[in-house]
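One structure is given here, and the rest of the page talks about it.
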Amino acid sequence: MNSILEISGLRKSYGPLEVIKGVDLAMKPGEVVSIIGSSGSGKTTLLRCINLLEEFQGGDIRIDGQLIGYKTSNGKRVALPERERAKNRALTGMAFQQFNLFPHMTALGNVTLGLRKTRGMAKDEAVAVAEKWLERVGMSQRKNHYPIQLSGGQQQRVAIARAIAMNPKLMLFDEVTSALDPELVNEVLNVIQDLANDGMTMLLVTHEMRFAYQVSSKVIFMEHGVIAEEGDPKEMFHNPKSQRLAEFLGKSKFQ
Amino acid sequence: MDLSAFFVELANVWPRLLQGSIATVTVSFQAIAYGSVFGSLLGLMIFYGRMPARICGWIYLDFIRGTPVLVLMLASFYIVPLAGLGLSATGAGILALSAFCSAHVAEVFRGGLAAVPPGQAEAAKSVGLTFPKILFYVLLPQVLRQALPAWINAAVEIVKASSLLAVISVPELLLTTQQIVSRNFMNAEFYLVCGLIYFAINLTLSKFGKLVEKRLAF
């Protein structure tokens with residue numbers, strides 16, 4: 001089967017500071033991969049590179065076989081024009097730690113914006129798609145509410161609906177529960193679990209170890225900008241090979 | 001103060017006062033419109049432009065803000081015609097006021113853009129929107145709401161500064177008042193009336209601003 005995501009030799013630096021130092025990763029359709037690791041290990045940056053929210057200086061990222069962000073012309077690596085990049089970005093959907101809902105639009109407006117202005121759908125069609133996904137994340141009752149009228153968990157569910165309504169090849173979740181009150185975490189995790197059961201290909205950065213253990217087909221442990229260990233979640237969590245992973249799991253109190 | 005004499009005189013001159021007020025409002029409105037359009041573009045250029053464009057923008061901004069409006073007005077009245085541009089006194093006044101307004105609006109607009117959290121543009125990018133669409137659908141509505149009070153402030157400043165057109169002989173409210181007073185010598189009375197009219201215009205403007213602000217609230 002073809003890979004949905006194929007990263008080879010990814011390198012990214014901020015000035016002289018290299019934060020991703022050669023990452024290779026492949027994901028098949030329907031796979032759920034969780035990236036764990038301590039802060040500053042490069043996990044969020046990796047996700048942002050895949051969504052082209054960051055420039056990267058080396059390596060290739062392919063989504064569904066399509067090379068994104070850069071091309072090689074006359075042996076030189078050049079950035080694609082913004083118009084192309086915008087299309088590349090729509091191949092993946094992203095949910096953010098801070099939700100980033102548009103405050104001047106209702107839940108429904110948030111979800112339909114991309115459908116109408118990127119996908120070019122007519123209003124009725126966009127609303128129908130948006131309503132379907134809002135229903136799916138349990139937010140159809142509140143589709144006409146503005147973000148400020150919603151709890152954190154509800155906002156995050158709308159944000160997930162906004163990303164997934166675009167029908168992306170791959171969903172990226174960037175620490176989506178980190179900004180939530182503890183009692184709101186589960187409603188969001190349930191939505192993600194539901195999407196996983198449905199066969200959505202997903203890449204998650206998370207600090208919820210128990211959830212990563214449950215939902216993932218593969219877990220990646222990142223450290224200092226490289227993948228330090230990867231494998232089956234049961235294997236990784238119960239018999240970590242490296243000392244560092246064992247320490248990390250010990251600190252995150254995974255039993 | 002002879003009240004009855006004042007009211008008789010007021011009954012005589014009110015059409016002129018009205019004319020002056022209309023001139024003030026018209027000139028201010030034009031200056032605010034041109035200044036806002038140009039100022040918004042300038043704000044965009046300073047916020048998103050490349051370094052050379054930004055530097056040009058800042059130089060313009062500092063120059064305009066560092067110069068008294070009266071000097072701008074005299075300069076545009078006496079200097080611009082030297083460049084071969086035929087400008088009426090009113091035209092010269094509007095030009096100077098527009099320049100003054102654009103500097104204020106550019107700063108307000110730039111500040112408004114800076115106040116929108118970066119996550120907004122990222123989320124919009126993430127669903128595949130191109131930059132013009134991100135600007136139009138996501139950023140501008142938020143900038144507008146954020147910047148409206150400061151923009152109304154700038155508009156009020158322009159109405160007040162329009163009184164300087166009197167110096168270049170544009171018969172707006174202040175000059176009209178001066179002409180009236182020079183004939184009837186009722187200085188205190190008619191400068192008070194003049195002040196009240198300015199106050200009424202600006203009060204209307206800020207009330208209108210409050211109304212729009214409420215409509216834009218989310």
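Residue numbering restarts at 1 for every chain, and letters A, B, ... go by the order of the sequence lines.
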Applying a strict 4.5 Å limit to non-hydrogen atoms, the region of B/Ala121 in contact with chain A is neither
Handout entry: Part of B/Lys125 lying under 4.5 Å from any heavy atom of chain A
Key =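 For B/Lys125, heavy atoms of backbone and side chain both lie under 4.5 Å from chain A.
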B/Thr130 vs A/Thr118 side-chain heavy atoms within contact, under 4.5 Å
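Not touching, per the 4.5 Å side-chain cut-off.
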Practice item. Answer yes or no: is there a side-chain heavy-atom contact under 4.5 Å between A/Leu115 and B/Val127? Key: no
Under 4.5 Å from a heavy atom of chain B, the part of [X] involved:
| X | answer |
| --- | --- |
| A/Met94 | both |
| A/Phe102 | both |
| A/Leu101 | backbone |
| A/Thr106 | neither |

Separation of [Y] [atom2] from [X] [atom1] (nearest 0.5 Å):
| X | Y | atom1 | atom2 | result |
| --- | --- | --- | --- | --- |
| A/His104 | B/Arg145 | NE2 | CZ | 11.0 Å |
| A/Asp174 | B/Glu122 | CG | CD | 9.5 Å |
| A/Arg89 | B/Ser126 | CZ | OG | 8.5 Å |

- May I ask you to decide if B/Gln120's main-chain N or O and A/Asn100's side chain share a donor-acceptor pair within less than 3.5 Å? no
Counting heavy-atom pairs under 4.5 angstrom with chain B, the leader among A/Arg48, A/Gln98, A/Lys117, A/Glu82 is A/Lys117
Which atom pair, heavy atoms only, marks the closest approach of A/Ala90 to B/Gly128?
->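 Closest heavy-atom pair between A/Ala90 and B/Gly128: CB-CA, 4.0 Å.
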